[in-house]
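None of these values were measured; they are calculated from a predicted model. When reading the values below, keep in mind they use all heavy atoms of this one structure, side chains included, and skip hydrogens, waters and symmetry mates. A, B, ... follow the sequence lines: proteins, then strands. Residue 1 opens every chain.
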2 protein chains.
Amino acid sequence: MDKIIEQFIHHGLRPSPQRVAVLHYLSNHKTHPTAETIYTALSPSYPTLSRTTVYQTLEKLYENGLTQKILIEDGEMRFDADMSNHGHFKCTSCGKVFDFFYTQDFPFPQMEGGFKVQEQHLYYKGRCPECKESSSRQ
Amino acid sequence: MDKIIEQFIHHGLRPSPQRVAVLHYLSNHKTHPTAETIYTALSPSYPTLSRTTVYQTLEKLYENGLTQKILIEDGEMRFDADMSNHGHFKCTSCGKVFDFFYTQDFPFPQMEGGFKVQEQHLYYKGRCPECKESSSRQ
DNA sequence: GTATCTGCAAAACATTTGCAATTCT
DNA sequence: AGAATTGCAAATGTTTTGCAGATAC
């Protein structure tokens with residue numbers, strides 16, 4: 001049985017073709033796509049696929065801890081099936097989002113006073129090596 | 001001369017009453033308000049104030065390094081006039097955003113390979129001490 | 001008097017919702 | 001049958017844009 005289908009079943013979610021396609025896409029494209037990107041990519045193979053389903057699926061995946069939401073730019077929610085401890089760097093020139101991994105934790109004394117952490121997010125904005133030298137701006 | 005007006009002049013921005021009011025509000029309300037919150041708060045005093053002006057002003061302030069944009073929830077851009085090194089914690093129950101300050105830097109080897117960092121953002125989501133005990137969810 | 005700034009109305013855009021049809025179990 | 005899922009169309013909410021009038025240098 002496919003590993004992706006297993007994940008759905010394990011979380012009590014029906015492994016519909018649309019849902020499997022979305023998670024499969026996310027697992028194989030580490031590009032932090034938006035819902036629209038995923039929809040556009042899958043539409044040819046699933047002609048009746050709707051944006052609604054993509055959005056609903058991504059929300060279900062998030063609720064069940066199968067993906068994380070990456071928010072760097074407003075109105076541009078991105079998704080990532082990599083649940084390991086890592087942060088992101090978005091190039092303000094080419095728009096690409098890079099992963100970077102870290103092992104250390106972030107000890108913040110102020111957070112020890114009874115705060116219960118559910119998610120930790122660390123990201124940078126700047127220029128990637130390729131864009132740093134070029135003259136194009138924004 | 002007012003310190004806030006000075007800041008505008010120093011950056012070559014006209015210190016219009018609306019702009020001054022926005023920055024003044026941000027400097028005196030460390031609650032990480034949204035554009036809408038600021039608009040609603042200032043409207044009584046500036047009856048003709050428009051959302052457009054609030055948005056444009058906040059963008060100018062950001063471009064000139066007088067505020068930072070805080071993005072934790074999609075479609076909910078918040079603003080902060082505190083430009084010091086600090087992160088945020090948003091309570092998923094009451095919605096409040098807490099500041100927390102840190103002194104250490106975050107050394108990420110992967111970022112040293114020619115990435116030029118412009119902004120660093122660190123935030124948490126979870127439950128604040130007050131909401132942790134209560135039974136209300138989300 | 002010329003560039004900047006304001007604010008109204010409309011547009012743009014991502015995301016959500018109502019709901020009827022469909023699909024699983 | 002009954003619950004979950006899909007997808008269309010419409011609605012929502014935030015942010016942006018076109019543009020005319022007002023304001024400041």
Side-chain angles (χ1 to χ4, degrees), chain A residues 1 4-5 7-23 25 32-64 66-67 69-79 95 138, chain B residues 1-2 4-23 25 32-64 66-67 69-79 95 138:
Chain A
M1 183 189 280
I4 284 180
I5 292 179
Q7 289 188 280
F8 281 107
I9 292 172
H10 179 255
H11 289 276
L13 300 169
R14 284 194 198 161
S16 73
Q18 296 92 331
R19 285 179 174 177
V20 172
V22 168
L23 184 50
Y25 182 89
H32 321 91
T34 63
E36 182 67 25
T37 301
I38 298 168
Y39 170 75
T40 304
L42 298 180
S43 266
S45 315
Y46 300 80
T48 72
L49 180 67
S50 72
R51 282 180 182 79
T52 307
T53 299
V54 174
Y55 277 103
Q56 286 172 344
T57 298
L58 291 168
E59 187 61 28
K60 284 274 183 207
L61 293 174
Y62 170 71
E63 285 170 8
N64 285 276
L66 296 174
T67 62
K69 293 181 175 179
I70 302 170
L71 198 48
I72 300 181
E73 224 71 71
D74 192 34
E76 186 186 280
M77 180 74 79
R78 291 162 173 270
F79 295 85
Q138 157 53 2
Chain B
M1 185 188 280
D2 188 34
I4 284 180
I5 292 180
E6 270 176 34
Q7 288 187 280
F8 281 106
I9 293 174
H10 178 256
H11 288 276
L13 299 170
R14 285 193 196 163
S16 74
Q18 296 91 331
R19 286 178 173 178
V20 172
V22 169
L23 185 49
Y25 182 89
H32 322 91
T34 63
E36 183 67 24
T37 302
I38 298 170
Y39 170 75
T40 303
L42 297 180
S43 267
S45 316
Y46 300 81
T48 73
L49 180 69
S50 73
R51 282 181 181 79
T52 309
T53 299
V54 173
Y55 277 103
Q56 287 172 342
T57 298
L58 291 168
E59 186 60 27
K60 284 276 182 203
L61 292 174
Y62 170 71
E63 285 171 8
N64 286 276
L66 297 173
T67 63
K69 293 180 174 177
I70 302 170
L71 197 50
I72 300 180
E73 224 70 72
D74 193 34
E76 186 185 280
M77 180 72 81
R78 292 164 174 266
F79 294 85
Q138 159 56 297

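Whole-Å rounding puts the A:His11 NE2 to D:dA4 P distance at 18 Å. For the pair B:Ile72 CD1 and D:dT14 P, the interatomic distance rounds to 17 Å; values are reported in whole Å. Atom-to-atom, CD of A:Gln18 to C1' of C:dT23 comes out at 10 Å; the value is rounded to the nearest Å. Atom CD1 of A:Ile9 is separated from atom P of D:dT5 by 12 Å (rounded to the nearest Å).
Taking the side chain of A:Thr53 as heavy atoms from C-beta on, and the options D:dG7, D:dT5, C:dT6, the nearest nucleotide is D:dG7.
For the contact set between residues 42-50 of chain A and DNA chain D, defined by any heavy atom under 4.0 Å, the members are A:Thr48, A:Leu49, A:Ser50.
Partners of A:Ser16 under the side chain to side chain contact (heavy atoms under 4.5 Å, CB included) rule, at least two apart in sequence or in another chain, are A:Gln18, A:Arg19. Legend: residues meeting side-chain hydrogen bond (donor to acceptor under 3.5 Å, both in side chains) with B:Thr40, ordered by chain and number and at least two apart, are absent. For the side-chain hydrogen bond (donor to acceptor under 3.5 Å, both in side chains) test, no residue two or more places apart in sequence or in another chain qualifies with A:Gln7. For B:Tyr55, there are no ring pair (Phe, Tyr, Trp, His ring centres under 6.0 Å) partners, not counting sequence neighbours. For B:Ser43, the side chain to side chain contact (heavy atoms under 4.5 Å, CB included) partners two or more places apart in sequence, or in a different chain, are B:Tyr39. Residues forming a salt bridge (Lys or Arg N to Asp or Glu O under 4.0 Å) with A:Lys69 (at least two apart in sequence, or on another chain): A:Glu59. Remark: B:Gln56 engages B:Thr52 in a side chain to side chain contact (heavy atoms under 4.5 Å, CB included) (not counting sequence neighbours). Listed by chain and residue number, A:Glu36 satisfy the salt bridge (Lys or Arg N to Asp or Glu O under 4.0 Å) test with A:Arg51 (two or more places apart in sequence, or in another chain).
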Pull out every protein N or O sitting under 3.5 Å from an N or O of nucleotides 23-25 of chain D, one pair per line with the distance.
none

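In this structure, CD on B:Glu76 lies 8.0 Å from OG1 on B:Thr37, to the nearest 0.5 angstrom. Atom CE of residue B:Met77 and atom CG of residue B:Leu71 lie 5.0 Å apart, to the nearest 0.5 angstrom. B:Leu42 CG to B:Thr53 OG1: the interatomic distance, rounded to the nearest 0.5 Å, is 11.0 Å. For the atom pair NE2 (B:His32) and CD1 (B:Ile72), the distance works out to 8.0 Å, reported to the nearest 0.5 Å.
Within the 4.5 Å cutoff, no side-chain heavy atoms of A:Phe79 are placed close to those of A:Ile70.
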The contact string for nucleotides 14-21 of chain C, one letter per nucleotide 5' to 3', using protein heavy atoms under 4.0 Å with B, S and - for base, sugar-phosphate only and none, comes out as SBBB----
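Across its full length, the helix from C:dG1-D:dC25 to C:dT25-D:dA1 shows an angle of 30° between the axes of its 5 terminal pairs at either end, rounded to 10 degrees.
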